[in-house]
Protein chains: 2
Amino acid sequence: MNNHSPLDITLTDRKDCVTITEWVYEVLRNAVMCGQILPGRSLTIRELAGALNVSPMPIREALKKLSTERALEVRENRRILVPKMTAMKFNELCDARIVLESHAAARALPYINDDILEELKTLDSEIDNARNMKNVEATIQNNQAFHRQLYSANPHQVSLPLIESLWLQLGPFLRLANSQLKEHYIIDRHQEALQAIKNKDALSLQLAIAADIREGVAFAGTLELLHQFIAEPYIY
Amino acid sequence: MNNHSPLDITLTDRKDCVTITEWVYEVLRNAVMCGQILPGRSLTIRELAGALNVSPMPIREALKKLSTERALEVRENRRILVPKMTAMKFNELCDARIVLESHAAARALPYINDDILEELKTLDSEIDNARNMKNVEATIQNNQAFHRQLYSANPHQVSLPLIESLWLQLGPFLRLANSQLKEHYIIDRHQEALQAIKNKDALSLQLAIAADIREGVAFAGTLELLHQFIAEPYIY
DNA sequence: TCAAACCTTTTGTGATCACAAAAGGTTTGA
DNA sequence: TCAAACCTTTTGTGATCACAAAAGGTTTGA
């Protein structure tokens, strides 16, 4: 049974400035995102408290937060688990990302100055480096940083938390699918996006971001991968 | 000082089937949405525990949930308060609503059968009734129910939680602004939306929903109201 | 008069415990 | 053999307490 497989969660070390709850949140969020907790695996407060060597209290708060952000699912009987993916839900999440993120990009455009543009270029070359080193995790992290940097140029940003929730829901599945790929052909549309920013061309920027997302998740949309990972086949 | 004004929160009675935390969440959510807690007012766990006559524990969990949903804001010093509105943020929230909700409507369209259409018509006439009775609260509630019913026709719905977060952020301000109006001229675009649904016309549906939202919040966008309620002037 | 120093009160965080309900075994009985 | 009845263990919820840090007064001293 799935639920008795041992938990293997990466523990980072906690800085004194963050509360235990915040540290637990980061650790669990990372574990979900990196597929360390398989969908369908149910999580209990006491088991996690033991695994992270903290009292049940911070675990409780972190689990509640992740549930509110839809990274975890709370069942009717109050069990908490990593939600399973379905092909239709995958589709909905990708389309919601495209709509929200291209909107957020267009809304950020008027606020992008030369400093921010430089930072975006730096992040883009770091993505290329990570990709050349075949470092999948760093590629994903830097790619998220690029998008986050772009949207948060807008000082009145309200969409980013919603976008992060979508990333959190797609994350585990994308990484599981990614880990099955022998080759990573993925190229991005960041050059087009940067050009559109230079030209202050909102429509081109939206199209570049939409294409970037669509092509970035397309690899996971192949029938074989969907069948391999979706719904039931997660059982150990 | 704002923070010493007495709390006046409507207490509903709690059904045995819901946990205390869930009840507290509903009560506080409603209080925020109805403007019973003014923006800038800071909330403490012990004060609310006293006011709702429960232990601090359920208050803590409910406050955390509302903060994660952006209904409340957590400051650097860990104080929790109802966030203040700014003209720019108001604008961003409305535009995010338009983008997300017209998308959600179009995505729900293929799943709307005759039963759901009938329910939408019923809700629309209930909105008209409430409006004729000059019952502002019932009008808002039924209007939200209409939108929620429409979007959740899609069984793979992922946008609704994001949309509800936006409602939660706009809610207090819209109601405060509404309470200042002598006359409510507001008409909605629900008839157009219903017609578009009958015709299975996704684009018309999107346009109707977009117009419905834009016109529904326009009353609050007048300069006088913005100046009256935005940023600082909430002090008692 | 007024800021610095000090002290008291209030605060959120985290630990611990009790308890009812759910989950999960085991025994029973035909 | 197998489902019903029973019992044990595990679970999330909610209450309570301790404590360090923050907030908010008050006193001091020039």
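Note that the structure is predicted; figures quoted are calculated from it, not measured. The chains referred to below are lettered A, B, ... by the order of the sequence lines, with proteins before strands, and numbering in each begins at 1.
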Figure out the [atom1]/[atom2] separation between [X] and [N], and round it to whole Å.
{"X": "B/Glu76", "N": "C/dT13", "atom1": "CD", "atom2": "P", "answer": "12 Å"}
{"X": "B/Ile45", "N": "D/dC17", "atom1": "CD1", "atom2": "C1'", "answer": "14 Å"}
{"X": "B/Arg46", "N": "D/dC17", "atom1": "CZ", "atom2": "P", "answer": "12 Å"}
{"X": "B/Leu48", "N": "C/dT11", "atom1": "CG", "atom2": "P", "answer": "11 Å"}
{"X": "A/Glu22", "N": "C/dT13", "atom1": "CD", "atom2": "P", "answer": "8 Å"}
{"X": "A/Trp23", "N": "C/dG14", "atom1": "CH2", "atom2": "P", "answer": "12 Å"}

**Message:** Tell me every residue that passes salt bridge (Lys or Arg N to Asp or Glu O under 4.0 Å) with A/Glu119, counting only those two or more places apart in sequence or in another chain.
**Reply:**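 A/Glu119: no salt bridge (Lys or Arg N to Asp or Glu O under 4.0 Å) contacts found.
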**Prompt:** Could a donor-acceptor pair under 3.5 angstrom be found where the side chain of A/Arg79 meets the base of D/dG12?
**Reply:**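 No such pair is found, so the answer is no.
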Please tabulate, one pair per line, all N/O donor-acceptor pairs under 3.5 Å involving side-chain atoms of residues 27-39 of chain A, not counting sequence neighbours.
residue, atom, partner, partner atom, Å
A/Arg29, NH2, A/Glu164, OE1, 3.4
A/Gln36, OE1, A/Thr10, N, 3.1
A/Gln36, NE2, A/Thr10, OG1, 2.6

**Message:** Counting only side-chain heavy atoms from C-beta out, which of D/dT13, C/dG12, C/dG14 sits nearest to A/Ile20?
**Reply:**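 Ranking D/dT13, C/dG12, C/dG14 by closest atom to the A/Ile20 side chain puts C/dG14 first.
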**Request:** Would you mind listing every salt bridge (charged side-chain N to carboxylate O under 4.0 Å, His left out) that reaches into residues 92-106 of chain B, with sequence neighbours excluded?
**Result:**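 Listed by first then second residue: A/Arg107-B/Glu92, A/Arg107-B/Asp95, B/Arg97-B/Glu101.
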**Request:** Sort and list the pairs that fulfil salt bridge (charged side-chain N to carboxylate O under 4.0 Å, His left out) and have at least one residue in residues 53-64 of chain B, not counting sequence neighbours.
**Result:**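 Salt bridge (charged side-chain N to carboxylate O under 4.0 Å, His left out) check on residues 53-64 of chain B returns A/Arg60-B/Glu61, A/Glu61-B/Arg60, A/Glu61-B/Lys64, A/Lys64-B/Glu61.
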**Prompt:** Does B/Thr21 place a side-chain N or O at less than 4.0 Å from the phosphate oxygens OP1/OP2 of D/dG14?
**Reply:**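 Checking D/dG14 against B/Thr21, a side-chain N or O does come within under 4.0 Å of OP1 or OP2.
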**Prompt:** Hey, does the side chain of A/Asn77 come within less than 4.0 Å of D/dT11's phosphate (OP1/OP2), counting only N and O?
**Reply:**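 A/Asn77 to D/dT11 OP1/OP2: no side-chain N or O under 4.0 Å.
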**Request:** Using the closest heavy atom to pick a nucleotide of DNA chain D for each, name whichever of B/Arg78 or B/Arg14 lands nearer the 5' end.
**Result:**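 On the 5' side of the pair lies B/Arg14.
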**Asked** Which residues satisfy the side chain to side chain contact (heavy atoms under 4.5 Å, CB included) test with A/Ala138, sequence neighbours excluded?
**Response**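 Per chain and number, A/Ala138 pairs via side chain to side chain contact (heavy atoms under 4.5 Å, CB included) with A/Ala130, A/Asn135, A/Asn142.
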**Request:** Identify, with sequence neighbours excluded, every residue that meets side chain to side chain contact (heavy atoms under 4.5 Å, CB included) alongside B/Thr19.
**Result:**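 B/Thr19 satisfies side chain to side chain contact (heavy atoms under 4.5 Å, CB included) with A/Arg78, B/Thr21, B/Glu22 only.
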**Item:** Side-chain touch B/Ile59/B/Leu43, heavy atoms, less than 4.5 angstrom
**Value:**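 They are not in contact (no side-chain heavy atoms under 4.5 Å apart), so the answer is no.
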Under 3.5 Å, sequence neighbours excluded: what are the donor-acceptor pairs made by side chains of residues 108-118 of chain B?
residue, atom, partner, partner atom, Å
B/Asn113, OD1, B/Asp115, N, 3.1
B/Asn113, OD1, B/Ile116, N, 2.9

**Prompt:** What is the ring orientation for B/Trp167 with B/Tyr151, classed by angle as parallel under 30°, tilted 30 to 60°, or perpendicular over 60°?
**Reply:**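 Because their plane-to-plane angle lies in the 30° to 60° range, the rings of B/Trp167 and B/Tyr151 count as tilted.
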**Request:** Pull out every stem in DNA chain D, meaning runs of 3 or more consecutive Watson-Crick or G-U wobble pairs with both distances under 3.5 Å.
**Result:**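 Counting only runs of 3 or more consecutive pairs, the stems involving DNA chain D are C:1-30 with D:1-30.
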**DNA chain C-proximal residues of residues 53-68 of chain A, any heavy atom under 4.0 Å** =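 The answer is A/Ser55, A/Pro56, A/Met57, A/Pro58.
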